[in-house]
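Report on the following structure.
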Amino acid sequence: MADETSMRPEEVSSIIRRALQAETQAGGFAAVGTVLEVGDGIARVYGIRQCQAMELLKFPHDVIGIAMNLEEDNLGCVLLGKDELIKEGDQVERTGRIASIPVGDALLGRVIDAVGRPLDGRGPIETERYRPVERVAPGIVKRQPVKEPFHTGYKIVDALTPIGRGQRELIIGDRQTGKSALVVDAILNQRASDVVCIYVAIGQKNASIARIVETFEREGVMNKTVVVAATATAPAPQWYLAPYAGCAIGEEFMERGGHALVAFDDLSKHAEAYRQISLLLRRPPGREAYPGDIFYLHSRLLERAMKSSDGKICPSCGLLTPLPPTEENLEELKAAKVCAHCGEDISGREIADGGSLTALPIVETKAGDISTYIPTNLISITDGQIFLEADLFHKMIRPAMNVGTSVSRVGSAAQIPAMKSVAGELKLSLAQYREMAAFAEFGTELDEATQRQLARGERLTELLKQDQYVPMPVEYQVLIIYLGVQEHLRDIPVEEVQRFGEEFLAFIRSERPGIPVRIAETRRLDEETQQKLEEAIEEFRKSFVATAGADGARVEG
Ligand code: ATP
Ligand code: MG
């Protein structure tokens with residue numbers, strides 16, 4: 001092949017002329033190219049000009065590709081179908097469409113892959129609305145601070161690391177520490193709430209995904225849940241796309257003024273897929289062989305979770321046009337004129353509450369090491385993290401949340417006052433307990449005050465344990481924690497604490513149902529309710545029979 005320097009001027013100009021011709025024929029850009037090389041799910045295409053990043057490309061045999069690397073004379077794209085079907089010299093067409101996914105109510109109850117194809121055998125998805133999987137996260141004007149709680153139903157989380165709607169809370173832990181269980185239970189807890197859920201499974205076995213879907217169905221939440229699955233056998237580009245697809249589905253609900261949760265299970269696998277794709281695209285490897293832009297990749301994704309500003313909902317397209325959250329010019333805002341999405345007149349519409357998209361990304365650590373690249377990135381991107389520890393998990397302290405290192409940076413603003421009133425004391429007691437427990441391990445003689453703190457801490461730890469599949473409404477959580485922080489467990493043997501709590505709640509349910517109802521309605525634990533609660537505890541204690549003691553003695557009142 002002749003190199004460029006030996007080309008004659010006429011040859012050069014004829015090449016340019018042909019290129020320009022092709023461009024004009026295709027309406028300003030060359031719409032057709034040829035495959036230069038293909039393999040490992042990646043194709044290099046020559047001849048397409050002005051292609052957009054993430055644009056869909058049409059290959060023969062209905063194989064779809066996504067343009068990822070836009071280089072000067074060729075583009076690298078990932079193939080979403082079987083790459084064996086594609087060969088060198090095949091024709092490739094531009095579609096002009098950015099990778100997008102069907103969205104809307106039609107998706108509820110469905111299991112789809114990362115490009116929106118149904119995986120549940122229940123026929124096509126009947127929707128007209130599509131959204132690009134990637135988009136630039138909305139700016140500050142379209143957001144407001146989180147203010148409504150997102151309840152996971154786990155006592156330990158809702159009390160100590162409360163999550164607000166629109167928050168991003170990372171769930172981090174080694175293999176088999178209950179990470180998936182936490183998000184699955186958080187979804188089950190939405191059965192009666194107005195939050196729709198999107199569970200994104202990345203690189204999980206078909207059987208595990210099927211089991212989770214079955215759980216959603218059994219517990220009656222599948223009708224308000226979407227499962228986006230990039231299974232273990234799906235190609236890396238599917239793993240890469242799945243979280244963006246899930247995010248786009250959630251955004252649609254949020255932009256209609258609703259509330260959505262998106263759980264990414266998990267982003268370690270997503271990062272691995274992106275590393276694989278990038279290396280195949282011959283991008284330079286960076287730290288731990290991940291491409292340099294992996295931080296940007298994850299922040300771009302998680303930045304899309306937010307609490308939207310209040311705004312007006314368009315009667316025509318149903319989407320909310322967010323208005324800047326300034327109290328002063330409310331009158332001006334009320335006069336807002338046209339829908340930002342379809343241009344329809346919205347001047348007469350009332351101001352509606354903004355929607356939210358809450359994100360629960362999961363990341364896996366190896367041997368508890370959180371200082372590796374992906375976990376440290378995600379810790380800095382999110383608004384807090386829940387550490388699940390293998391140690392605690394094996395000691396049967398489940399959920400295995402490390403209370404000392406888990407934090408939630410914004411969610412406490414959204415915690416209901418009733419929970420706040422008991423959680424403060426709980427936090428303090430547990431912190432003291434941790435300190436003392438470390439001390440007590442040396443076997444030193446302990447004074448009475450220390451022993452009391454230890455006993456209290458042990459009981460509180462017992463109280464916060466919770467099985468899978470039984471998320472608890474927040475008003476009941478308040479009652480349980482109240483028992484512990486108000487010293488009602490002092491004389492209950494540690495191994496009886498859980499049973500005491502359960503039977504107490506059963507007692508409340510049947511004998512004093514007004515108490516939780518009142519807390520749920522007012523969101524507070526007012527003096528009157530507290531009084532009633534004290535009376536209820538008093539009465540319940542009379543009936544509680546401790547079985548741990550040899551004589552099965554009644555607890556002293
Ligand atoms: P992986 O790393 O494999 O994804 P994971 O961290 O997601 O694991 P799970 O699959 O959620 O962990 O849980 C591991 C095991 O522990 C499961 O068998 C699950 O049933 C059990 N488990 C999780 N949470 C609890 C809990 N709160 N109480 C009792 N068992 C639990
Ligand atoms: Mg898991």
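- For the pair Arg165 and Phe150, the cation-pi test (distance below 6.0 Å, angle within 45°) is failed.
- Contact annotation: the side chain of Val38 never approaches that of Phe59 to less than 4.5 Å [non-hydrogen atoms, C-beta and beyond].
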Quick one: do Leu79 and Ile86 satisfy side chain to side chain contact (heavy atoms under 4.5 Å, CB included)? Show the steps, please.
CA-CA 10 Å; Leu79 299 175; Ile86 310 300; 4.2 Å; yes
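- Taking the ring centre of Phe295 as origin, the terminal cationic atom of Arg300 falls outside the region bounded by 6.0 Å and 45° from the ring axis.
- Remark: Lys366 pairs with Glu364 by the salt bridge (charged side-chain N to carboxylate O under 4.0 Å, His left out) rule, at least two apart or across chains.
- The ring pair (Phe, Tyr, Trp, His ring centres under 6.0 Å) test applied to Tyr244 returns Tyr240, His270, not counting sequence neighbours.
- Considering only residues two or more places apart in sequence or on other chains, Arg168 meets the salt bridge (charged side-chain N to carboxylate O under 4.0 Å, His left out) condition with Glu303, Asp383.
- Few gaps surround CD on Gln52; more than 12 heavy atoms of other groups in view lie less than 6.0 Å from it.
- For residues 178-193, the set of pairs meeting the side chain to side chain donor-acceptor pair (under 3.5 Å) definition, not counting sequence neighbours, comprises Tyr154-Asp185, Ser180-Asp265, Gln190-Ser193.
- Donor-acceptor pairing under 3.5 Å is lacking for the side chains of Thr372 and Glu288.
- Put simply, the side chain of Lys312 gets close to the backbone of Ser347: a donor and an acceptor are under 3.5 Å apart.
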Mind listing the side-chain donor-acceptor pairs of residues 315-324 below 3.5 Å, one per line with the distance, residues two or more places apart or on another chain?
from: Thr321; atom 1: OG1; to: Ala340; atom 2: N; distance (Å): 3.0

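- Qualifying salt bridge (charged side-chain N to carboxylate O under 4.0 Å, His left out) partners for Arg129, counting only residues two or more places apart in sequence or in other chains: Glu252.
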